[in-house]
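Below is one structure; the comments refer to it alone.
Ligands are counted one by one from 1 in listed order, and the atoms in each one are counted from 1 as well.
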Amino acid sequence: MFQKIILALVLICGVSHATYSQTELPIIPKPDTITYYNGNFSFSNDIKIVASKSNYSVAQQWLNESANLNLNRSAHASKKVKNIILNVDAKNLTEGYMLTVTANKIELVAGKKGLIRGLATITQLAWYASEHNNQIPCLQINDDPAFGYRGVHLDVSRHFFDVTFIKKYIDLIALYKMNTFHWHLVDDQGWRIEIKKYPKLTSVGANRAGSMVGPYRDHKIDSIPYGGFYTQKEIKEVIKYASARGITIIPEIEMPGHSMAALASYPEFSCKGGPFQVSTGWGGFDDVFCNKESTFKFLDDILDEVADLFPSEYIHIGGDECPKSRWKECPVCQEVKKKNNLKDEFELQSYFIQRIEKILESKGKKLIGWDEILEGGLAQNATVMSWQGIEGGIAAATSNHYAIMTPGSHCYFDHYQGEKNLEPLAIGGFTPLEKVYAYQPIPDTLKGEQRKYILGAQANLWTEYMYDTKQVEYMLFPRLEALSEVLWSDSLNRNYPRFENKVIQHQSLLKNWNVNFAKSYLRPAVIISPTETLGELTIQITPKENQKVDLSWNNSDYEPYTDLVSIDESGLLKIRSILNSDTVTLVKNLTIAPSSGANVTVLTPTKGNYANPPATLTDGVVGEFPWTTKHWLGWLGKDAVLTVDMKDTFAIDSVKVIYLNDRGSWIHAPVSMTIQNDSVNAVQVLKNENAICSIVYNKPFFADKVNITVKSIGKVPEGNPGAGSNSWLFISEVMVYGHKKNER
Ligand code: ACM
Ligand code: ZN
């Protein structure tokens with residue numbers, strides 16, 4: 001899809017071709033090719049930038065923030081001084097660029113779009129030089145992106161971030177060569193864009209009476225009023241700022257669900273008429289836009305102002321998580337359904353989206369929606385943002401629709417990125433740096449021409465648990481660096497250790513920008529393995545290069561880690577690792593049972609991100625809450641049927657299973673546990689509101705293989721988020737207590 005820039009190779013820095021003795025320059029994302037030559041270029045404040053006023057202004061700002069340089073502009077290159085020349089080749093429409101560094105000049109040649117990408121590279125080179133005698137080697141870079149859509153999203157409804165921060169966000173994503181900012185401007189908890197025709201959207205809809213505090217399951221709401229919105233004047237200012245940095249802004253106006261802020265302002269566009277409050281808690285809500293004509297007129301007027309403001313060819317209309325209960329009971333919606341021969345409420349959702357697509361088309365815009373816009377049939381020219389996994393993207397591509405991949409597994413940066421006990425409260429999930437880096441946006445199942453329908457991918461930052469800008473930065477960095485390389489660089493050149501080394505170096509660049517980045521990735525790798533002996537585990541730690549690791553057992557003094565550690569009793573293991581000045585301490589609360597390390601067979605399939613290795617169930621580590629993916633196995637709408645192999649016949653005293661209760665995430669307690677070895681009644685699970693709970697079967701029996709069935713509740717019961725859908729059953733650990741039959 002992307003044309004390479006083909007330009008005659010210019011003679012650079014003397015005649016000879018030299019290999020640069022240093023390892024790879026830490027440019028993120030990794031450029032296609034870098035060729036090194038003899039000689040160096042030195043940065044200093046007497047360098048002149050030869051560029052248009054607009055490009056100069058960005059160059060000056062980026063070089064100043066990144067490398068503390070203060071460079072003046074010159075209209076023309078001069079041999080008397082060193083120059084950074086930004087040459088625009090108007091005929092080149094790609095995002096590629098060619099950068100040449102000789103001893104006395106840096107010259108960038110690119111089209112209008114590629115220029116800012118090349119400038120991001122120059123900026124990173126200048127920052128690198130600022131830490132290496134102000135020098136970089138002479139070189140030539142030829143570079144262009146693997147994917148045309150490289151997005152970063154930000155939810156400003158759950159928490160609001162002012163224009164100053166939005167501009168910083170745009171600078172930061174542009175420095176890593178992303179090209180799209182998906183601005184999630186409205187949701188249940190606040191409408192954040194001024195609409196002149198409907199002033200109550202902001203006078204009412206931008207303010208809520210309080211906010212949820214702590215994890216969702218506590219259902220605690222404070223009474224501190226919260227609000228904020230962008231005026232159209234501010235929006236225009238941000239669009240201009242983004243445009244100068246090569247960033248397209250796609251605004252999102254959510255419909256038909258996630259519309260409580262709009263309905264609190266104008267309840268007449270709901271099915272029941274209100275009154276409504278702007279939501280204070282997180283989660284989904286039953287009241288949504290009604291399919292009445294006046295709603296479409298209202299949304300047409302809003303989209304008219306939005307389309308006038310934003311030059312982007314796309315407008316995102318949400319479309320996700322729209323409950324259908326109000327539509328089922330609403331005479332108007334039922335009448336629309338009947339009149340249009342629609343089979344069910346899913347087809348009604350499709351009708352709604354297709355109406356909106358026509359409205360957008362009349363304004364010269366294209367529609368993007370979350371993957372629920374596939375429900376009941378996809379609008380003709382819609383682009384799908386695949387978030388519930390990759391299936392939405394595959395369905396779109398196989399029906400010749402464009403798709404943008406944002407699966408929760410790799411692209412949700414609201415998930416945890418490190419050990420839960422070291423991280424600030426997050427929604428859940430586990431998406432560490434190495435996982436983002438391993439992402440392949442085009443699903444393997446797509447073949448040939450279908451693959452070109454995957455435009456790229458996007459990081460999503462939902463801000464329920466991002467209370468301020470520092471927290472947004474923390475969740476974004478360094479994971480953005482990984483996604484940037486996934487989307488820009490040639491996937492064949494990916495190498496995690498080499499990338500991680502660059503990320504460590506980039507900490508100082510981010511410090512110059514006053515960014516609060518996470519260091520969670522600096523934890524050493526910890527592998528817990530079974531041994532020959534049941535009830536005994538080994539712990540192997542692999543430190544990063546130059547990282548020092550110390551251990552403490554049950555709060556003893558730290559001692560250096562040297563070799564495998566063997567554990568055969570429960571206790572608290574602290575793993576402290578130090579790299580330069582960064583200390584990360586992992587805390588492992590180990591619960592050892594006679595069955596620890598036992599081989600487990602899982603007879604009913606676990607699902608998706610929660611199909612973790614069965615050995616997780618006997619690894620001595622009880623999962624935490626809020627949960628991260630890696631410590632829990634998850635079954636969707638199914639019972640967990642397991643066999644624990646004790647190797648010898650055991651006189652078993654009890655069997656304990658640790659499960660999770662998190663109804664906000666559709667994770668429900670099981671109903672019972674049965675041990676098939678013993679033909680007795682099942683243990684019923686008592687109602688318990690704790691997040692992490694256990695069921696214990698404590699009637700003695702003899703067995704070498706313990707056969708356990710943990711019975712799921714099946715569908716999510718009424719009155720809970722996700723009612724009627726398959727519920728999740730999450731199990732973290734299975735513990736069998738007792739002793740070998742012939743031992744006491
Ligand atoms: C989404 O995360 N509801 C798109
Ligand atoms: Zn209705």
What are the atoms of ligand 1, with element, lying closer than 4.0 Å to any heavy atom of [X]?
X    : value
Y412 : 1 (C), 2 (O), 4 (C)
W462 : 1 (C), 2 (O), 4 (C)
E321 : 3 (N)
W387 : 1 (C), 2 (O), 3 (N), 4 (C)

> What is the SG(C290)-the Zn ion (ligand 2)-SG(C271) angle, to the nearest 10 degrees?
Replying inline: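 Value returned, to the nearest 10°, is 110°.
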
>> Ring-plane angle category for H153 and H182, please: parallel below 30°, perpendicular beyond 60°, tilted otherwise.
In response: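 Judged by the thresholds at 30° and 60°, the geometry between H153 and H182 is perpendicular.
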
> Less than 6.0 Å separating the ring centroids of H159 and Y226?
Replying inline: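 Yes, the ring of H159 comes within the 6.0 Å limit of the ring of Y226, centre to centre.
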
> Would you say the ring centroid of F285 lies under 6.0 angstrom from that of F276?
Replying inline: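 No - the distance between ring centres of F285 and F276 does not fall below the 6.0 Å cut-off.
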
> Taking everything shown except K638 itself, do over 12 heavy atoms lie less than 6.0 Å from its NZ?
Replying inline: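 Result for NZ/K638: open.
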
> Does R355 pair with E293 as a salt bridge, N-O distance under 4.0 Å?
Replying inline: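 Yes.
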
> What protein heavy atom sits nearest atom 3 (N) of ligand 1, and how far off is it?
Replying inline: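 Nearest neighbour among protein heavy atoms for atom 3 (N) of ligand 1, to 0.1 Å: D320 OD2, 2.7 Å.
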
